[in-house]
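Down below is the structure, laid out as structure tokens.
Values in this document were obtained by computation on a predicted structure and should not be read as measured data. Below, chains carry the letters A, B, ... as their sequence lines are ordered, and counting in each starts from 1.
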Amino acid sequence: MINDLPVVDVHGVGKSFGAVNALQDAHLVVQPGECVGLVGHNGAGKSTLMNILSGVLSPDTGTISFAGEAITARYGVSEAKQFGLRCVFQELSLCPNLTVAENARITHPQIRGFGWRNDASELIKNWLDEVFPDNGIKGDDVVGDLTIARRQMVEISRAFSSLDEQVRLVILDEPTSSLDKISADQLLTFVKKFTAQGGSVILISHMLREVLSTSDRIVVMRDGTMVADDATENFDRDRLVREMGSVLAEDAEEASAETARANTARVIQIPAKDGIDLNVFQGEIVGFAGIAGQGQTEKLIQIFDASNGKVNAVNIDNAAAFVAGDRQAAGVFPGWSIEKNISIASVRMMVQRYLIDPLQEINISNEWKERLGIRTDDLSNNILSLSGGNQQKVLFARALGSPAQIVLMDDPMRGVDIGTKQDVYAILKQEAENGRTFVWYTTEMDELKHCDYVYVFRDGEAVAELPSHKVTEASILNASFDPATAA
Amino acid sequence: DTADKKIALSNNYAGNSWRQAMLTSWETVAGKASADGVVAAADAFTTAENQVTEQAAQIQNLILQGYDAIVINAASPEGLNGAVKEACDAGLVVVSFDGIVTEPCAWRIAVDFHQMGKIQVEYLAERLPDGGNLLEIRGLAGVFVDDEISGGIHEGVAENAKFSIEGSVHGDWAQDVAQKAVAGILPSLSDIKGVVTQGGDGYGASQAFKAAGRDMPIIVMGNRHDELSWWKEQKDANGYETMSVSIAPGVSTLAFWVAQQILDGKDVPKDLTVPFLSITQDTLEASLETTQAGGVANVEYSQEEAQGVIAGAM
Amino acid sequence: MNLTEKPWIWAWLGTVSIWLVIASISGLSAGTEVLTAAASFGTFFVLVAIGQMFVVTLGPGNVDLSIPACMTLASTVAMKVMNGSEAMLIPGFLIVVAIGLTIGAFNFALIILLRIPPIIATLSSSFLYLSTAIWYNRGLRVKPPEALAEFATGKIGVVPLLAIAVLILTVLMHFVLHRTYFGRSILAVGQNAKAAHLAGIPVERTRFLTYVMCAVLAAICGYFLAGFSGGAALNMGEEYLLMSIAVVVIGGTSVAGGFANLPGLWGAALFMFLLVTMLNTLGLSAGYRLILTGAIIVAVIAISGKKR
Amino acid sequence: MSRYLTANTMRTLLPALSLAAILAAIFYLQPRTMSYFGLNLLLNLAVPIALATIAQMFILCVNDLDLSLGAFVSLTACITATWLYDTPVLGVLALAGCVLAYAALGALIHLRNLPSIVVTLGMSFVWVGIAVLILPTPGGKAPEWIRALMTLKPALIPFPIIAVVVIAIVVHFGLMKSAAGVVLRGAGGNPLSVERAGWSLLKVKVTMYAISGFFGVLSGMALVGLTTSADANIAERYTLLSIAGAILGGSEFVGGRVSPIGAVIGAVTLLLTGSFLSFLRLNPDWQIGAQGAILILVLAMRMLINRSDKRS
Ligand SMILES: Nc1ncnc2c1ncn2[C@@H]1O[C@H](COP(=O)(O)OP(=O)(O)OP(=O)(O)O)[C@@H](O)[C@H]1O
Ligand SMILES: Nc1ncnc2c1ncn2[C@@H]1O[C@H](COP(=O)(O)OP(=O)(O)OP(=O)(O)O)[C@@H](O)[C@H]1O
Ligand SMILES: [Mg+2]
Ligand SMILES: [Mg+2]
């Protein structure tokens with residue numbers, strides 16, 4: 001199909017939520033067969049723009065046209081679908097009570113009649129295999145029972161899947177945030193294949209590496225407007241970060257020589273069951289690595305429960321705080337203000353004569369708002385008014401602001417922009433030097449570089465212990481698949 | 001001879017003092033009869049919820065358990081007809097009392113609730129020659145007894161033009177609900193001369209009048225101990241006069257003997273009436289003495305008395 | 001802050017408009033008397049609704065259906081033990097509290113140990129409590145001690161004593177809800193139990209305390225209600241089953257959990273009393289009265305709803 | 001074994017096991033119940049309860065709760081016993097009106113974003129009020145054909161058993177197996193996602209409430225077929241019974257997790273616990289309490305099975 005008209009043409013779109021101007025005069029053009037990378041700091045307005053394109057929100061000003069046809073006031077979700085637009089939202093949106101196949105049926109009304117279940121199952125299986133080979137997901141798995149990574153795979157595959165209709169444009173909003181490296185690479189490979197066949201993709205990601213390697217053109221947003229729009233070859237990491245309004249810090253210095261384990265007190269000790277002993281010393285940043293869903297999160301929760309005296313398999317004496325990565329399910333209190341969401345882990349310490357001291361509450365929230373740069377004009381706003389990345393910062397603030405000396409982090413950088421990440425890395429380093437201990441599960445190679453020690457997980461157990469100078473993609477992959485070759 | 005016959009009591013509600021007294025009477029009289037070998041068994045069954053459906057299921061279970069007769073205080077006069085019919089078809093004797101059933105195959109020991117409402121007004125007419133405003137406290141909307149008594153009251157008022165019902169509230173046969181409803185409507189009512197009730201609401205009404213600082217009208221009582229003792233106090237203090245009327249919980253024992261007589265092969269008419277139990281200014285002291293503290297004025301029947309009632313109806 | 005955004009405002013608006021109707025029908029002085037009556041009876045609603053509100057706030061599915069049985073059992077036992085003697089007032093009260101504690105703990109044990117959904121757990125256990133009350137006193141009405149009756153029905157001017165006491169309790173509970181760690185924990189658990197757990201909140205302890213508090217308040221309500229109406233009756237709590245829930249939700253507390261407010265309880269309790277009173281005053285037949293009751297409740301809620 | 005005993009299959013299996021246990025206990029206590037006649041008597045009231053439980057389940061499926069169901073069933077029973085008996089056309093219209101009213105309720109709840117609990121609580125007064133107006137005192141008559149249907153005596157298998165099995169299977173296929181059912185359940189699991197896929201949540205809510213109303217009507221009709229007449233409070237307790245039955249059968253309050261087969265089994269189990277107790281012949285003081293105790297026992301059994309499953 002040769003068609004010179006752009007798939008989508010966004011012209012001068014603006015959108016505000018009360019006092020917040022989420023978008024002002026936004027421009028975006030996507031050509032057929034093109035992958036456009038969209039980057040920008042947390043709260044830049046990326047998700048808002050995508051919500052407008054997919055018909056969830058309607059713009060205040062500006063025009064949008066699809067294949068030359070301007071959209072009307074009645075534009076909504078089903079119109080967007082008809083046009084061939086699909087969207088993978090930043091916050092997962094599958095029905096957890098349904099099976100994978102049934103979720104596929106939700107987006108494909110044509111699948112019905114006798115034997116629809118097989119059709120749906122086959123369809124989604126085919127696309128899962130197409131996008132994520134060897135995913136191990138079955139059509140009759142109930143989505144709620146899947147790990148967050150697998151849920152994300154299902155949702156992405158579902159967005160690309162088609163029966164007879166044409167999928168013209170797929171919007172991926174932070175698609176890799178919960179995926180491990182292997183699955184993320186599978187997805188990026190597929191995106192290239194998809195665009196080569198004439199489809200278009202808008203890829204939103206804070207993993208600049210992914211955007212640089214996959215997209216044909218990159219658009220940078222800052223504070224609700226486009227500040228750069230150029231072919232990918234004209235960008236590098238430095239320029240992207242600069243355009244987003246941050247400065248790229250020096251990469252974590254290559255840890256050179258072998259360093260001995262810290263000679264501070266041991267704060268966490270988990271005797272081995274099948275794998276190896278797991279030790280954490282005070283002031284360390286210890287990483288948990290491995291393929292997603294190998295029990296890293298469960299181990300963190302186990303440590304957390306042990307710190308509250310609930311579990312005995314773990315030796316830990318200090319209180320611990322938790323930074324959840326699955327912010328919808330395990331992090332955010334949706335009815336509360338940002339302030340209360342931050343202070344909840346520390347209010348116990350603010351009780352004076354039975355009552356919580358509101359001043360202390362405000363102070364701690366303000367302090368961490370500043371330190372982490374949470375983008376809001378008023379801490380008493382509801383937490384859901386924040387962009388995804390800013391919500392995640394709130395969860396950081398909650399843990400770092402608490403008096404706990406051990407902080408457990410469950411892939412906590414999901415959706416956090418690069419500028420903030422650097423700030424957080426710096427804060428972690430600083431806090432660690434002051435004696436705080438961090439245990440950090442992450443799916444990102446770059447983040448493991450900041451760890452003093454890394455444990456690689458397989459089947460719910462740590463199977464390899466790597467000091468920081470031995471942490472490489474290869475060594476971690478090795479350990480993930482064959483413990484004998486590691487350690 | 002009924003020594004090998006088993007009788008069951010199917011009761012739909014146990015949540016007030018009247019029903020408790022009824023069960024106690026059953027236990028005393030029927031329990032003794034079964035201990036004496038007059039009947040083989042006389043078991044009482046109560047449903048947890050005051051529901052037609054639950055009682056219907058209960059009756060069906062009693063059929064399965066091989067009882068020869070079921071004595072019923074029914075949750076609804078019509079709603080149990082299906083189950084009662086099944087019992088009759090299975091060869092059981094069914095005797096209903098207080099809450100009677102209309103299924104023709106069953107015996108009915110009825111109280112003339114209509115009359116019970118009417119005599120209240122008639123009593124007031126004697127006491128208040130000039131008539132005046134009345135307050136009516138009703139029971140639970142949609143229930144047959146409530147409708148019957150209220151019908152009687154209204155008929156009485158229609159016949160005595162000097163009375164008018166100024167206000168009418170539903171007390172759901174619960175002391176606290178009645179008290180609340182009365183307290184709510186009182187301020188908007190002008191002078192109230194008499195309060196007609198359905199049983200057990202009198203004390204609550206008196207408290208509501210007291211709390212509102214109003215003149216105490218003639219409140220018709222319902223034979224509860226607290227009502228009687230309050231009446232006695234008032235009588236001693238200021239000569240307060242009223243009457244009290246209700247059905248005696250011991251009517252369950254009459255039903256028991258009727259069932260026993262039927263099983264014994266006696267000829268018993270399908271419809272029996274029991275008089276309600278009324279207490280007057282003169283019998284107050286005597287009644288108060290025989291009424292258990294916190295209970296209800298009661299009459300229990302012996303086999304001979306029951307035979308007398310039956311003979312009287314022939 | 002915009003007043004129309006307060007969740008409790010609608011119950012109060014409803015209360016005021018209904019009162020205006022009553023006052024316009026029966027006159028101002030009758031209107032005042034009705035308010036006094038509303039305060040006396042609303043007090044009991046509020047007392048149980050406070051407990052129910054905290055339970056409901058714990059999140060979907062949390063509700064205490066054993067309130068009526070708890071009221072009945074506690075007051076039955078207390079009245080019989082006190083047997084009208086004023087010397088026994090305090091022991092009687094302590095017994096009531098002890099029964100509340102036991103019932104709350106038992107309810108929670110069913111919920112947590114046997115993993116029974118609260119709605120069924122409390123429904124089932126309520127049968128046990130009612131049976132115990134029947135077994136203990138067979139429904140006989142024992143008179144309360146004179147002093148208790150006097151306190152429960154007492155007034156300062158036109159304001160019932162008990163209403164003042166419960167008003168003070170309401171203010172205290174307001175602080176408990178918004179300013180104490182316990183209150184904060186309830187709200188957190190109600191919004192997202194998993195997140196609350198990971199924020200270090202003792203989730204189960206919070207739920208335990210909440211159910212116990214609810215039962216204790218119900219028991220205390222039974223104690224004063226028996227004093228107010230001249231003794232404990234087996235059916236004295238029946239009305240409080242739906243009423244406690246109605247007052248909580250009409251008062252603007254979210255049934256989805258995590259949001260609660262206390263001013264709404266008073267608004268809703270007065271509203272429910274005045275509504276019935278207004279319809280009684282209008283002299284409508286039972287059928288129309290019931291229909292209007294329902295229609296007005298739905299209307300108040302529908303107005304307070306937010307358009308999607 | 002664990003391959004087949006997933007959390008999902010356990011959810012359906014557990015209620016069945018509780019039912020089997022209580023049925024075995026009843027058979028043991030009163031062997032007479034094992035006959036055709038016995039089963040018929042034991043179970044015929046299960047039909048209206050099962051229908052009401054299904055009605056409640058549809059509401060639970062969209063994360064709502066219906067506190068007016070008992071009153072609604074009472075109302076439909078009153079209409080059945082009066083208008084449907086006297087003037088069938090008017091009766092049918094009125095019953096259809098009831099279903100429409102439920103659908104409208106669904107729309108109101110969705111459009112104004114209202115908590116279903118309060119709305120239905122209010123509506124329960126309305127239903128009873130209308131019922132009292134239609135039938136001020138208990139009475140009315142069951143239409144012949146309903147009576148005939150409910151007292152049907154098919155060969156071999158008692159009618160109530162056939163009826164509840166049919167109800168369970170029909171709803172199971174309609175809601176759990178059909179393509180349309182997926183959308184309805186999905187709206188309970190994640191309404192946003194269903195909306196983003198282009199479905200109208202309003203339509204879903206209206207559909208679910210209408211279906212619920214339809215089953216409520218069926219429940220009222222079946223009830224009158226058994227009791228032969230109606231009163232305004234006849235099914236008051238169906239509200240709590242239906243919730244308890246649905247939950248007992250494995251449905252949950254939020255998340256669109258429901259089970260029609262479980263709901264029917266739960267309803268039957270609740271009915272049988274009552275029967276079980278009358279066969280025990282307890283002291284009247286404790287008969288009420290025993291109902292609670294047995295409910296707790298049945299649920300506790302569920303938990304024990306659950307736990308042993310987790311261990312293995
Ligand atoms: N429903 C809402 N109410 C109020 N403000 C909102 C709402 N949704 C978004 N915003 C605001 O709009 C701005 C843009 O948010 P958006 O979610 O589009 O950012 P984003 O670029 O996707 O960020 P991230 O990378 O963190 O996902 C933010 O300041 C956010 O706080
Ligand atoms: N491993 C877990 N991950 C996430 N959430 C959990 C986990 N375990 C429990 N929860 C959530 O927390 C709730 C209670 O957890 P738990 O039994 O640990 O109580 P707790 O918060 O430690 O309270 P207490 O100290 O009073 O016993 C559960 O209902 C569940 O929602
Ligand atoms: Mg975003
Ligand atoms: Mg990742």
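- Residue contact with chain C, scored on non-hydrogen atoms closer than 4.5 Å, involves the side chain of Leu108(D) exclusively.
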**OP:** In sequence, state the C-alpha distance, the side-chain angles, and the governing distance for Thr132(C) and Trp286(D), and then conclude on side chain to side chain contact (heavy atoms under 4.5 Å, CB included).
**Re:** CA-CA 8 Å; Thr132(C) 312; Trp286(D) 290 105; 3.9 Å; yes
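- Residue Tyr288(C) touches chain D through both its backbone and its side chain, counting heavy-atom pairs closer than 4.5 Å.
- Only the side chain of Leu121(D) has a heavy atom closer than 4.5 Å to any heavy atom of chain C.
- Residues Ile291(C) and Leu133(D) meet the side-chain proximity criterion, which asks for heavy atoms closer than 4.5 Å.
- A distance of 11.5 Å separates CD of Gln291(D) from CG of Leu130(C), quoted to the nearest 0.5 Å.
- With respect to chain C, the highest number of heavy-atom pairs below 4.5 Å among Ala244(D), Ala293(D), Gly289(D), Ala290(D) belongs to Gly289(D).
- Comparing Ile134(C), Val298(C), Leu65(C) by how many heavy-atom pairs each has under 4.5 Å with chain D, the most go to Val298(C).
- Residue Val255(C) comes nearest to Pro115(D) through the heavy atom pair CG2-CB, 3.7 Å, listed as atom of the first residue, atom of the second, then distance.
- When heavy atoms are compared at a cutoff of 4.5 Å, Phe253(D) approaches chain C solely by way of its side chain, counted from C-beta outward.
- Proximity to chain D (any heavy atom under 4.5 Å) is shown, for Ile301(C), by both the backbone and the side chain.
- Contact of the Leu123(C) side chain with the Ile243(D) side chain is not registered, since no non-hydrogen atoms from C-beta on lie closer than 4.5 Å.
- When the candidates Val118(D), Leu295(D), Ile117(D) are compared by the number of heavy-atom contacts under 4.5 Å with chain C, Val118(D) comes out ahead.
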Tabulate below the donor-acceptor pairs under 3.5 Å that side-chain atoms of residues 267-282 of chain C make, not counting sequence neighbours, or state none.
unit_1: Thr277(C); atom_1: OG1; unit_2: Phe273(C); atom_2: O; d: 2.9
unit_1: Asn280(C); atom_1: OD1; unit_2: Arg289(C); atom_2: NH1; d: 2.6
unit_1: Thr281(C); atom_1: OG1; unit_2: Thr277(C); atom_2: O; d: 2.6

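- Rounding to the nearest 0.5 Å gives a distance of 5.0 Å between CG of Leu128(C) and CD1 of Ile296(D).
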**OP:** Decide side chain to side chain contact (heavy atoms under 4.5 Å, CB included) for Leu241(C) and Leu240(D); before the verdict, give the C-alpha distance in whole Å, the side-chain angles of both, and the deciding distance to 0.1 Å.
**Re:** CA-CA 11 Å; Leu241(C) 179 64; Leu240(D) 284 179; 4.3 Å; yes
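- Of all non-hydrogen atoms in Phe127(C) and Ile288(D), the two that sit nearest each other are CB-O, 3.3 Å.
- Of the two parts of Val254(D), only the side chain, counted from C-beta on, holds a non-hydrogen atom closer than 4.5 Å to a non-hydrogen atom of chain C.
- Using a 4.5 Å cut-off between heavy atoms, Ile303(C) contacts chain D through its backbone alone, with no side-chain atom that close.
- With rounding to the nearest 0.5 Å, the separation of CG in Leu270(D) from CD1 in Ile120(C) is 7.5 Å.
- With a 4.5 angstrom heavy-atom cutoff, Leu290(C) touches chain D via backbone and side-chain atoms both.
- Pairs of residues two or more places apart, or lying in two chains, that qualify as ring pair (Phe, Tyr, Trp, His ring centres under 6.0 Å) and include a residue from residues 237-257 of chain C are Phe45(C)-Tyr240(C).
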